[in-house]
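Just dropping this structure here.
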Amino acid sequence: MVPLKRRKTSAGSAVIDNAEVIKFPHVVIFLLERRMGASRKTFLTGLGRRKGFRVEECYSPSVTHVVSENNSGEEVRDWLEAQAPGGSGTGVSAHLLDISWFTESMATGHPVGIQDRHWLQVKVEPSPTVPVFTLNAYGCQRRTPLLHHNNVLTDALLVLAENAEFNEDEGRSVAFKRAASVLKALPHTVRGMEELQGLPCLGGHSQRVIKEILEEGKSREVEATLQSQQFQAMKALTGIFGVGVKTADRWFREGLRQPSDVVDTGQKLNHTQEAGIRYYEDLNTPVTRAEADAIGQIVEEAVQAVLPGATITLTGGFRRGKPTGHDVDFLITHPEEGKEENLMPKVVSWLDDRGLLLYQKTTRNSYLEAKDGPARPPHNMDRFERCFSIFRLDRPHRRPEQQPQAGGECQAQVGGTLLGQGSEESRDWKAVRVDLVVTPASQFAFALLGWTGSQLFERELRRWAVHEKHMSLSSHALYDSTQNRYLRGSTEEEIFTHLGLEFVPPSERNA
Ligand code: UTP
Ligand code: MN
């Protein structure tokens, strides 16, 4: 052992500043005291310096070789990073070495080449250029904002989802929607396939589409779909309010391609479809938030007039923060259970008397017949009513220069041919689809959760409930099959808690 006094003298001497004794200026060594101990560090420092090595007392960015004893790579890295908080962010660049490298270098008198055995093992972290991100498997476990980073990919996948719907292949359609939904939840733009590793819901087909777009800018399948006569016709025909995939497909097989063909060939239409044709152009023009709010004021007035104390709530896409929608969805309730009974016919009459409804159809909720309803419906299920309507919304402040360009030939022709009306844009009102739902106070939270969407978020909630919790969720109730009872909920937060899910605010439900 070197006597303490001499060690001190040697280690503390100024020879370090004497360039002549530093034989290897490009190797800057720092010995980590942690677990090594102060006295051993002092001894080794002196030894190194005497042999012409540059050994620093303190750690600094100029250090090239960090030597430690009995520490893991992670421990050393964490310690070093803690020395420079808020540093460059590039992490520690020095070699993290075991004491064996130092002792071997001392023995040979020069810095030995770094062998595998000298390196401290540090778990390989993903490179910052390849963001690896993990997401939960269910859409209701994720936060999906309205604006996201992967529109190019999601738009493409949603074309394929829509096409699968047109072909009545629901499984395939949902698979594409789930894949798109995962990409919507990513906090970055996907640039390479390797970034998708470990993400859920990305099936082989979706991955092929994504890969092609990343590598070639577009997907041939998506392009071909968009160009296909069938896709274009199905989109135009299902765009008619009241026309579903089955009817549109029958028409397509009969050679119909657009709404005007429906009129020209004299197809037999029900009341809903007649309204759909009559207001085709308006109903295919996005509803703005301002229009939704204007309709909200009318509905509010109607509801207060027929049942003071009742409340209306805007749901659907607008509640999720969408700036436009295909319709406007409202929930109507009264804080006192039972007061809401018979409310819908009164509201509808009030609106109709004032000429505000172009179309309306009030139905009992079809929930009882729904396959995915709970085992037994609550006793008050039959009070749940829904009104599909088309409002006649005045556009009082419309200046001529705000008027949009006349729509496609088809739309103008439709309005004219069927009903002898002029262009829909020249009118001072607009037809707007509005859904009204009356719910008892006890079911309000379930209805709010169920009607806020998105459609895929709702689907994922129900899938989660069934598969992970043995529960059955609807817009009316939550049934626990294990306990054989309904679980009460007066807020959305409570329902998420029952489901064992973290609360997701409406603006993050754009799955
Ligand atoms: P929408 O079809 O109105 O969708 O249904 P949206 O999200 O508001 O989108 P846009 O902007 O209008 O196109 C709203 C929610 O209401 C539920 C669905 O879950 C959907 O997410 N809903 C809709 C039902 O529960 N039952 C229905 O019959 C229709
Ligand atoms: Mn809606």
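In each ligand, atom 1 is the first atom listed, and ligand 1 is the first ligand listed.
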Problem set entry | Interfacing atoms of ligand 1 (cut-off 4.0 Å, heavy-atom, Lys322) |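 In order of number, 9 (O), 10 (P), 11 (O), 13 (O).
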
Exercise. Are Arg354 and Trp350 in a cation-pi contact, defined as NZ or CZ under 6.0 Å from the six-membered ring centre and within 45° of the axis?
Worked result: yes

For this session: State whether Glu212 and Arg220 are salt-bridged, where the test is any N-O pair (Lys NZ or Arg NE/NH1/NH2 against Asp/Glu carboxylate O) under 4.0 Å.
Result: yes

Problem set entry | atom 19 (O) of ligand 1 touched by protein (heavy atom, under 4.0 Å) | yes

For this session: Give the atoms of ligand 1, by number and element, whose distance to some non-hydrogen atom of Gln455 is under 4.0 Å.
Result: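 Close to Gln455: 21 (O).
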
For this session: Would you check if the distance from the ring center of Phe241 to the ring center of Tyr279 is below 6.0 Å?
Result: no

Exercise. Do any nitrogen or oxygen atoms of Glu458 lie less than 3.5 angstrom from nitrogen or oxygen atoms of ligand 1?
Worked result: no

For this session: May I ask you to list the atoms of ligand 1 that are less than 4.0 angstrom from any heavy atom of Arg386?
Result: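 Near Arg386, meaning under 4.0 Å from one of its heavy atoms, ligand 1 has 26 (N), 27 (C), 28 (O), 29 (C).
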
Exercise. Which atoms of ligand 1 have any heavy atom of Gly325 under 4.0 Å away?
Worked result: 11 (O)

Problem set entry | Numbering as shown, the atoms of ligand 1 that approach Arg320 to under 4.0 Å (heavy-atom distance) | 7 (O)

Exercise. If you look at every heavy atom in Phe252 and Ala233, which pair is closest and at what distance?
Worked result: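 Heavy atoms only, the tightest pair is CD1-CB, 3.6 Å.
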
Exercise. For Glu493, does the CD atom have more than 12 heavy-atom neighbours from other residues, nucleotides or ligands under 6.0 Å away?
Worked result: yes

Seminar exercise, completed: Min over Asn510, Asp329, Val437 of heavy-atom distance to atom 5 (O) of ligand 1 lands on Asp329

Seminar exercise, completed: For Asp327, the atoms of ligand 1 under 4.0 Å from one of its heavy atoms are 3 (O), 12 (O)

Problem set entry | Proximal candidate to atom 17 (C) of ligand 1 [heavy atom criterion; set Gly316, Gly450, Gly453, Pro286] |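 The nearest heavy atom belongs to Gly450.
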
Problem set entry | Distance-only donor-acceptor check, side chains Gln232 and Ser228, under 3.5 Å |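 No.
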
For this session: Determine yes or no for a side-chain-to-main-chain donor-acceptor pair under 3.5 angstrom, with Asn270 supplying the side chain and Thr272 the backbone.
Result: yes

Exercise. What are the two closest heavy atoms between Gly296 and Ile312, and how far apart are they?
Worked result: O-CD1, 3.3 Å

Exercise. When the aromatic ring centroids of Phe388 and Tyr359 are compared, is their separation below 6.0 Å?
Worked result: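 Between Tyr359 and Phe388, which both carry aromatic rings, the centre distance is not below 6.0 Å.
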
For this session: Name whichever N, O or S atom of Asp327 ends up nearest to the Mn ion (ligand 2).
Result: OD1

Seminar exercise, completed: When distances are taken from atom 23 (C) of ligand 1, the protein heavy atom at minimum range is Trp451 CZ3, 3.7 Å

Exercise. Looking at atom 10 (P) of ligand 1, what's its closest protein heavy atom, distance included?
Worked result: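 Going atom by atom, the protein heavy atom closest to atom 10 (P) of ligand 1 ends up being His326 ND1, 3.3 Å.
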
Problem set entry | Close aromatic pair by centroid cut-off 6.0 Å: His467 and Tyr138 | no

Exercise. From Asp329, does some N, O or S atom reach closer than 2.8 Å to the Mn ion (ligand 2)?
Worked result: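 Asp329 does place an N, O or S atom closer than 2.8 Å to the Mn ion (ligand 2).
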
Exercise. Which is closest to atom 6 (P) of ligand 1 by heavy-atom distance: Gly317, Ser474, Ala511?
Worked result: Gly317

